[in-house]
Amino acid sequence: ALSKAGRRLQAMDNVVGRMGNNKRLRALRKQNRFFNRLRWGEGPARVVLEMGSVKEDDNREVEEVELEMAPFDVMPHVTHWFLTMVETGYWDGCHLIRNARHVLQFNCHARTAATGNARLLARVPDTGVADGKINGYQSIVFQEFSPDFNHLPFTLGVAGRPGGEDFYVNLVDNIKSHGPGGQGAEPGPCFAKVVRGREVLEGWHSRLGDEFLEPNDYVLMKRVYIKG
């Protein structure tokens, strides 16, 4: 019988094999890689999160966290998904909503017309938006994964099956729980790493309550943009 470590290695091989053997996924990844380079160059692309409290009496200045995307050759699909949402202004006005021991989790469920990107919200059909909340397909197409970019501390993953829109920052080594053979049959994609502002995230982690936060304690992503 395989050991637990052996089962994880086998699960990793199975995931990588399924991606390589599926012609449609290969074609999608090839197309994503091509358009990534047309839009953002060879990469790795960098993204800046401007973060601040939602509380009116909190006078702290906006704090920045800078991310570096995984190489386009390694994670073309999920980087295309995330960068496209950044480019459209999708993440503006969204929030840090969960402060767990192992992750900080973000989503847009509490975005409003006041906090969201006005240009983005104006482009959404009336049937698809209500007070800043956008209805539609915001998930990734499949659980892309590479053992070359795994869930180490201060890397970013996509939550859910299929993943998105929620994403998270790993605070600890989450390879066993979020990689192949972890929480489900499919691993959570890991697609970026924090290259500046770890202390900002550690500060919010130490100040906030545990697990899912009350709306008044959310941390606002005031603006999210591609650097350069």
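No side-chain heavy atom of Leu156 sits less than 4.5 Å from a side-chain heavy atom of Met69.
Summarising the geometry, atom CG belonging to Asn170 is positioned 7.5 Å from atom OG belonging to Ser177; distances are rounded to the nearest 0.5 Å. We find the CZ-CG distance between Phe191 and Leu67 to be 7.5 Å, quoted to the nearest 0.5 Å. The CG atom of Asn32 sits 10.5 Å away from the CG atom of Leu25 when rounded to the nearest 0.5 Å. Here CG of Asp166 is found 10.0 Å from CZ of Arg98. Values are rounded to the nearest 0.5 Å. For the atom pair Asn150 CG and Thr155 OG1, the distance stands at 7.5 Å (nearest 0.5 Å).
The shortest heavy-atom contact between Gly163 and Val158 is C-CG1, 3.3 Å. Across all their heavy atoms, Gly188 and Arg161 have their closest contact at N-NH2, 3.7 Å. When all heavy atoms of Gly52 and Lys222 are compared, the closest pair comes out as CA-CE, 4.1 Å. The minimum heavy-atom distance between Glu165 and Trp91, with the atom names listed, is O-CH2, 3.0 Å. Of all non-hydrogen atoms in Arg33 and Phe72, the two that sit nearest each other are NE-O, 3.6 Å. Here the closest non-hydrogen pair linking Leu83 and Ile226 is O-CD1, 3.9 Å.
A salt bridge links Arg46 with Glu66: the distance from a Lys NZ or Arg NE/NH1/NH2 to an Asp or Glu carboxylate oxygen falls below 4.0 Å. The pair Asp217-Arg207 does not meet the salt-bridge criterion, since no charged nitrogen lies less than 4.0 angstrom from a carboxylate oxygen.
Aromatic ring orientation, His151 versus Phe145: parallel (interplanar angle below 30°, classes split at 30° and 60°).
Using modelled atom types and a 3.5 Å distance limit, the side chains of His102 and Asn174 yield no donor-acceptor pair.
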Pair Val169-Phe106, side-chain contact (heavy atoms from CB on, under 4.5 Å): steps then yes or no | CA-CA 9 Å; Val169 175; Phe106 300 76; 4.0 Å; yes

For Tyr218 and Cys94, run side-chain contact (heavy atoms from CB on, under 4.5 Å): C-alpha distance rounded to whole Å, both residues' side-chain angles, the deciding distance at 0.1 Å, then the answer.
-> CA-CA 9 Å; Tyr218 286 173; Cys94 299; over 6 Å; no

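For the pair Arg39 and Phe35, the cation-pi test (distance below 6.0 Å, angle within 45°) is failed. A cation-pi contact links Arg111 to Tyr90, judged by a cut-off of 6.0 Å to the six-membered ring centre and 45° from its axis.
The closest donor-acceptor contact from the side chain of Arg196 to the backbone of Glu64 lies at 3.5 Å or more, if one exists at all.
Outside the 6.0 Å centre-distance limit, the rings of Trp81 and Phe167 are not counted as a close aromatic pair.
Tyr168 belongs to a hydrophobic cluster whose remaining members, ordered by chain and number, are Val103; membership requires side-chain heavy atoms of ILVMFWY residues under 4.5 Å apart, directly or through intermediates.
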